[in-house]
Structures are given as C-alpha cells and as structure tokens.
Enquirer: 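One structure, as structure tokens, below. Some questions next.
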Amino acid sequence: MRIATWNVNSIGARLPRVLEWLEVAQPDVLAVQELKCAETAVPVEEFAALGYEIAALGDGRWNGVALLSRVGLEDVTRNLPTQPEFEGSIEPRAIGATCSGIRVWSVYVPNGREVDHAHYTYKLQWYDALRDMAVAEMAANPDQAFTIIGDYNIAPTDADVWDISAFANSTHVTEPERAKLRDLEAIGLIEVIPRALKGEPYTFWDYRDLGFQKGKGMRIDLIYGNARLTDCVTGAYVDREARKGKGASDHAPVVIDISL
DNA sequence: ATGCCCTATGATATAGGA
C-alpha cells in the first residue's frame with residue numbers, strides 16, 4: 001500500500017502534473033492540499049479515468065483539501081470536530097476517510113503569517129483541534145492504522161530549513177509551534193521521516209527568490225501515524241523530481257509505503 | 001539591500017502563500 005501527500009497549489013493549474021505523477025508513482029491513496037477551487041469544480045472524471053475516487057472539501061479561491069483513493073473511500077469526515085473559525089468561517093483544511101481499512105486525514109494547517117498575527121494564534125488553536133480529533137478517533141478504533149498527512153506548516157527541527165538564521169522571528173520554526181508537534185507525539189503519534197531523493201530533506205521551496213534553484217527549502221509536509229501504521233512502514237521518500245521544471249507546485253509529494 | 005514567483009478573482013490590482 002502506497003500513500004502520498006502533496007500540496008498541489010491549485011488542482012486546476014496542476015491537473016496535468018498530478019495526473020502524470022499518479023501514473024508514474026502509482027499511489028493507492030493521495031492526500032491533496034491547496035485545491036484552490038470549489039469542491040463542485042474538482043475534476044472528478046479525470047481522476048476516475050485513472051481508477052481514483054475523490055472526496056474533496058473546498059469553497060473557492062483559498063485552501064481546499066481532498067483524498068484520492070483507488071482502494072476504497074469510506075466514512076468521509078469533513079473538517080475537524082472542534083476546528084476553530086478564522087474571521088467567522090470554518091476553512092476547508094481537513095478531510096478524513098477510511099481507505100482499505102486505514103484511517104487517513106489530509107490536512108492543510110494554517111500558515112500563521114506572522115508571530116504577532118491573529119493567524120498565528122489561529123494556527124496554534126487549529127493544532128489543538130487536530131490533536132482532539134486524533135485522540136477521539138484513535139480511542140474509538142484503537143486497532144486501526146491511523147495517519148495524518150499533509151502540509152503542517154511547521155519545520156520540526158532547525159535542520160529542516162535551509163538556514164535557521166534566516167528564520168529569526170519567523171513562523172514555522174517557533175517553539176510554540178514545535179510544541180504542538182510534541183503534543184501530537186504525546187498522544188501516540190509518531191513521525192515518519194522520509195529520505196530525500198537528492199540530499200536535501202525539504203518538501204517545499206518558495207517560488208519567490210527562486211528557492212528551489214538556490215536550495216532554499218523547508219521540510220513542512222509531514223507524516224504522522226499511530227504505531228499500528230508506522231510499525232509497518234517499508235519506505236518513505238520525498239519526490240523532489242516533481243518540484244522541477246515549468247508548471248511545478250512549490251511543494252513536492254511525500255510518499256510512504258506500508259505493509260500491514 | 002531588495003525582489004525575483006505563482007495562483008484565482010466580479011481581475012487590468014490584490015491577497016495570500018511561508
């Protein structure tokens with residue numbers, strides 16, 4: 001079983017690259033973030049032609065998440081039960097489903113913007129809601145393989161950014177953010193750290209400043225799972241190749257193989 | 001020293017990204 005996560009930065013703009021990647025990488029499940037389109041506008045038929053069902057959550061221009069699966073897609077849950085609002089709305093940032101017995105969540109955690117911004121507080125609150133969901137679901141099905149994959153918008157360690165000194169007073173590397181990752185570990189979630197295909201551990205390179213070309217990346221697309229799942233991981237990698245060339249997303253896919 | 005890019009939108013600027 002191969003599961004992957006990819007922040008595609010617009011499913012519309014990225015459709016040819018995503019279809020091509022599905023054919024080459026052959027994931028059974030793909031968690032997608034930043035659809036940037038309404039769920040009613042998701043290109044369902046193109047994915048169906050490759051054998052994938054899709055469950056999508058999106059309301060337009062920003063955010064949006066989905067799960068693609070060719071091994072079943074059941075018990076779809078939209079949003080986190082205690083997900084906080086931002087400026088009065090519940091944003092489409094989390095969708096869960098059961099795929100061939102594995103519970104999978106695709107998440108796009110809020111960015112935070114600046115450490116003194118309301119969005120940063122929202123980000124931290126969002127993590128509490130993510131933890132609450134994980135606690136409840138794992139308690140309800142303690143023997144089920146469970147994973148939360150997606151764009152966490154946190155670099156777990158200083159080595160997960162190209163130059164920590166460039167991140168003074170920046171989001172994504174602060175202690176309160178990293179403490180939220182430790183909260184997830186405290187409830188029994190374990191991070192699966194992928195190997196990089198070419199040295200760099202990163203999963204994101206900003207379009208601005210030509211980050212990819214200069215090796216200025218960040219590892220922010222993460223995989224956490226319960227022991228039932230992580231004990232069965234046979235491999236994991238970042239598909240850095242997918243970040244290359246014209247028309248690439250600013251994120252690379254992250255892939256795990258598991259043998260339950 | 002700074003910006004350099006890319007996306008979608010009631011677009012010909014703007015907001016957001018991290």
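Every value quoted in this text rests on a predicted model; they were computed, and no experiment measured them. A note on names: the letters A, B, ... follow the listed sequences, proteins ahead of strands, and every chain is numbered from 1.
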Enquirer: What interatomic distance, in whole Å, is found between C1' of B/dC5 and the corresponding atom of B/dG10?
Expert: 25 Å
Enquirer: May I ask you to say what A/Phe212 touches in the nucleic acid, namely base, sugar-phosphate or nothing, with a heavy-atom cut-off under 4.0 Å?
Expert: nothing
Enquirer: Looking at B/dC5, B/dA8, B/dA18, which one has an atom nearest to any side-chain atom of A/Ala13?
Expert: B/dA8
Enquirer: Taking the C1' atom in each of B/dC6 and B/dA11, what is the distance between them to the nearest angstrom?
Expert: 15 Å
Enquirer: Side chains of A/Asp239 and A/Trp6: is there a donor and an acceptor less than 3.5 Å apart?
Expert: no
Enquirer: Taking OH from A/Tyr122 and C1' from B/dG17, how many angstroms apart are they, rounded to a whole number?
Expert: 14 Å
Enquirer: Would you kindly give the CZ-to-P distance between A/Arg61 and B/dA11, to the nearest whole Å?
Expert: 11 Å
Enquirer: Work out how far the P atom of B/dC4 is from that of B/dT14, and round it to whole angstrom.
Expert: 14 Å
Enquirer: Please check the phosphate of B/dA18 (OP1 and OP2 only) for any side-chain N or O of A/Asn153 closer than 4.0 Å.
Expert: yes
Enquirer: Measure the distance from CG on A/Asp206 to P on B/dT2 and round it to the nearest whole Å.
Expert: 16 Å
Enquirer: Which of the following nucleotides, B/dG17, B/dC4, B/dA8, is nearest to the side chain of A/Asp209?
Expert: B/dC4
Enquirer: Can you tell which of A/Glu91, A/Glu87, A/His117 makes a side-chain hydrogen bond (donor to acceptor under 3.5 Å, both in side chains) with A/Tyr122?
Expert: A/Glu91
Enquirer: Between B/dG16 and A/His119, is there an OP1 or OP2 to side-chain N/O distance shorter than 4.0 Å?
Expert: no
Enquirer: For A/Asp59 and B/dG16, give me the distance from atom CG to atom P, rounded to whole Å.
Expert: 14 Å
Enquirer: Determine the interatomic distance between P on B/dG3 and the same-named atom on B/dA8; round to the nearest Å.
Expert: 24 Å
Enquirer: Can you tell me how the ring of A/Tyr127 sits relative to the ring of A/Tyr152, calling it parallel under 30°, perpendicular over 60° and tilted otherwise?
Expert: tilted
Enquirer: What is the separation between atom CD on A/Glu114 and atom C1' on B/dG17, rounded to the nearest whole Å?
Expert: 12 Å
Enquirer: Please confirm whether the shortest side-chain N or O distance from A/Ser10 to OP1 or OP2 of B/dA8 is below 4.0 Å.
Expert: yes
Enquirer: Between B/dA18 and B/dA13, how far apart are the C1' atoms? Round to whole Å, please.
Expert: 22 Å
Enquirer: Could you work out the separation of B/dT2 and B/dG17 based on their P atoms and round it to a whole Å?
Expert: 22 Å
Enquirer: Would you classify A/Lys123 as touching base, sugar-phosphate or nothing, given that sugar-phosphate means primed atoms plus P, OP1 and OP2, and contacts are heavy atoms under 4.0 Å?
Expert: nothing
Enquirer: Need one value for A/His117: base, sugar-phosphate or nothing, where a base atom within 4.0 Å counts as base even if backbone is also close, heavy atoms only.
Expert: nothing
Enquirer: Would the base of B/dG17 count as contacting A/Arg113 through its side chain, where contact means a donor and an acceptor less than 3.5 Å apart?
Expert: no
Enquirer: Any idea how A/Phe204 and A/His251 line up, ring-wise: parallel (<30°), tilted (30 to 60°), or perpendicular (>60°)?
Expert: tilted
Enquirer: Look at the rings of A/Trp162 and A/Phe167 and say which category their plane angle falls in: under 30° parallel, 30 to 60° tilted, over 60° perpendicular.
Expert: perpendicular
Enquirer: For A/Leu210 and A/Ile220, find the nucleotide of DNA chain B closest to each by heavy atoms; which residue's nucleotide sits nearer the 5' end?
Expert: A/Leu210
Enquirer: Return the value, rounded to whole Å, for the distance between atom OH of A/Tyr207 and atom P of B/dG16.
Expert: 18 Å
Enquirer: Atom CG of A/Asn63 to atom P of B/dA8: distance rounded to whole Å?
Expert: 14 Å
Enquirer: Can you tell me if the side-chain N/O atoms of A/Tyr152 get under 4.0 Å from OP1 or OP2 in B/dA18?
Expert: no
Enquirer: Quick one: which of B/dA18, B/dG16, B/dC6 gets closest to the side chain of A/Trp62?
Expert: B/dG16
Enquirer: In terms of side-chain geometry, is the basic nitrogen of A/Arg2 or A/Asp28 positioned less than 4.0 Å from the acidic oxygen of its partner?
Expert: no
Enquirer: Figure out the CZ/P separation between A/Arg178 and B/dA18, and round it to whole Å.
Expert: 17 Å
